[in-house]
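First comes the structure, then the notes that go with it.
Below, chains carry the letters A, B, ... as their sequence lines are ordered, and counting in each starts from 1. The model shown is predicted, which means the values in this text are computed figures rather than measured ones.
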2 protein chains.
Amino acid sequence: MLGESQAIAAFGSLAQETRLRVLRLLVQAGAEGLSAGSLAERLEVSPSNISFHLSHLERAGLIQARRQARSIIYSAAYDALRDLVRFLMEDCCAGDPRVTGRGCAPAEPPKPA
Amino acid sequence: MLGESQAIAAFGSLAQETRLRVLRLLVQAGAEGLSAGSLAERLEVSPSNISFHLSHLERAGLIQARRQARSIIYSAAYDALRDLVRFLMEDCCAGDPRVTGRGCAPAEPPKPA
DNA sequence: TAGACATTTAAAGGAATATTGAAATGTTGG
DNA sequence: CCAACATTTCAATATTCCTTTAAATGTCTA
């Protein structure tokens, strides 16, 4: 359940090329995640720069960090991403079918009668 | 079909309180839309300020303008919003069910055989 | 067509964000 | 413990973004 200011922070995080690419790589990488260095390498940005953007994404709650030996491994925060999609469709766009897409039931599990 | 830089522009538009609220009001208002002045009033911001943010949203393709008499009426660009939701779910998040929500079919209209 | 109205444009200042390079922190293996 | 490694933090700069005010544009009505 995302509030307005959290959503703004999340959108702000996505509004930047490096961060958007980081997120894509992390979603693809799954629960295992990727180290800061590996992300820096793939995206061809400096260690200090990737660190800056990783902090930004982490503060926004879109990714999380864990240490593994010398490396720090980042991974996507799927819950937060789901909440953001939900915010965009429901809170922001009033659940309008022109936005959510017809034939796409809003994220409700099928109700047991 | 949104490209990366268009998506970044769209997210940038949503990463600001006034603009996010404008968009909400416009989605709620439907195809009829709302005038710049009416938006400025409801959101308690100056005419020139609302105009600034409306331009921003329009440049990002999220809203559109039409003139009606003295007023300029803005309305939500539902297609662009749908594309953005799609981008977030598919391009950005690899269509991962942890993000799109299980039980929510991807936005395909039921195919006429 | 003059005047009021609705909005935009332009210019300027201040605030937030991004990039860079250098120094600091924490971690591991010898 | 020391040296190399992985990453972060800091400080400085550059850039972009937001707000405000004033002036300009376009539209309608009397």
Side-chain angles (χ1 to χ4, degrees), chain A residues 4-26 29 32-77, chain B residues 4-26 29 32-77:
Chain A
E4 181 182 71
S5 60
Q6 296 161 81
I8 286 172
F11 288 134
S13 275
L14 300 182
Q16 208 281 345
E17 194 173 318
T18 300
R19 287 194 296 264
L20 189 55
R21 291 180 178 171
V22 162
L23 193 67
R24 270 209 266 222
L25 289 174
L26 291 184
E32 258 189 62
L34 290 170
S35 72
S38 157
L39 288 164
E41 223 172 60
R42 291 172 197 233
L43 298 175
E44 306 190 83
V45 305
S46 72
S48 118
N49 190 251
I50 203 78
S51 181
F52 172 81
H53 289 300
L54 287 168
S55 299
H56 200 298
L57 282 162
E58 194 182 18
R59 248 180 298 120
L62 297 175
I63 67 176
Q64 56 222 324
R66 67 180 195 275
R67 183 177 274 278
Q68 184 174 101
R70 295 188 214 185
S71 297
I72 294 183
I73 308 286
Y74 288 91
S75 53
Chain B
E4 181 182 72
S5 60
Q6 297 162 79
I8 286 172
F11 288 133
S13 275
L14 299 182
Q16 209 280 346
E17 194 172 320
T18 300
R19 288 195 295 263
L20 189 55
R21 291 181 177 170
V22 162
L23 193 67
R24 270 208 266 222
L25 289 174
L26 291 184
E32 259 188 62
L34 290 169
S35 72
S38 157
L39 287 164
E41 223 172 59
R42 291 172 196 232
L43 298 175
E44 307 189 82
V45 306
S46 73
S48 118
N49 190 251
I50 203 77
S51 181
F52 171 82
H53 290 299
L54 287 168
S55 298
H56 200 297
L57 282 162
E58 194 182 17
R59 248 179 299 121
L62 297 175
I63 66 176
Q64 55 221 323
R66 66 181 195 274
R67 184 177 275 278
Q68 185 173 101
R70 295 186 215 188
S71 296
I72 295 184
I73 308 285
Y74 287 90
S75 53

Would you kindly give the [atom1]-to-[atom2] distance between [X] and [N], to the nearest whole Å?
X: B/L39; N: C/dA6; atom1: CG; atom2: P; answer: 14 Å
X: B/R66; N: C/dT7; atom1: CZ; atom2: P; answer: 13 Å
X: B/I72; N: C/dC5; atom1: CD1; atom2: P; answer: 18 Å

Taking 4.0 Å as the cut-off, does a side-chain nitrogen or oxygen of [X] come that near to OP1 or OP2 on [N]?
X: B/S35; N: C/dT7; value: yes
X: B/Y74; N: C/dA6; value: no
X: A/R67; N: C/dT27; value: yes

Report yes or no: do A/R59 and A/S55 form a side-chain donor-acceptor pair below 3.5 Å?
no
Step by step, would you call B/L57 with B/L26 a side-chain contact (heavy atoms from CB on, under 4.5 Å)?
CA-CA 11 Å; B/L57 282 162; B/L26 291 184; 5.8 Å; no
Give a yes or no on whether B/E4 atom CD has more than 12 heavy-atom contacts from other residues, nucleotides or ligands under 6.0 Å away.
yes
Check: A/E58 main-chain N/O paired with A/Q64 side-chain donor or acceptor under 3.5 Å:
no
For the side chain of A/R21 and the backbone of A/L39, is there at least one donor-acceptor N/O pair under 3.5 Å apart?
no
Check: B/S35 and B/Q68 side chains under 4.5 Å, non-hydrogen atoms:
no
Using the closest heavy atom to pick a nucleotide of DNA chain C for each, name whichever of B/S38 or A/R70 lands nearer the 5' end.
B/S38
Closest heavy-atom contact between [X] and [Y]?
X: B/A60; Y: B/S13; result: CB-OG, 3.3 Å
X: A/A36; Y: A/I50; result: O-CG2, 3.9 Å
X: A/G61; Y: A/A77; result: O-CB, 3.3 Å

Nucleotides 16-20 of chain C: which of its N/O atoms have a protein N/O under 3.5 Å away?
from   : atom 1 : to    : atom 2 : distance (Å)
C/dA18 : OP1    : A/R19 : NH1    : 3.3
C/dA18 : OP1    : A/R19 : NH2    : 2.8
C/dA18 : OP2    : A/R19 : NH1    : 3.3
C/dT19 : OP2    : A/N49 : ND2    : 3.4
C/dT19 : OP2    : A/H53 : NE2    : 2.6

Using a heavy-atom cut-off of 4.0 Å across all strands, would you classify A/S71 as base, sugar-phosphate, or nothing?
sugar-phosphate
Contact boundaries on DNA chain D for chain A, cut-off under 4.0 Å to non-hydrogen atoms:
D/dC5 to D/dT9
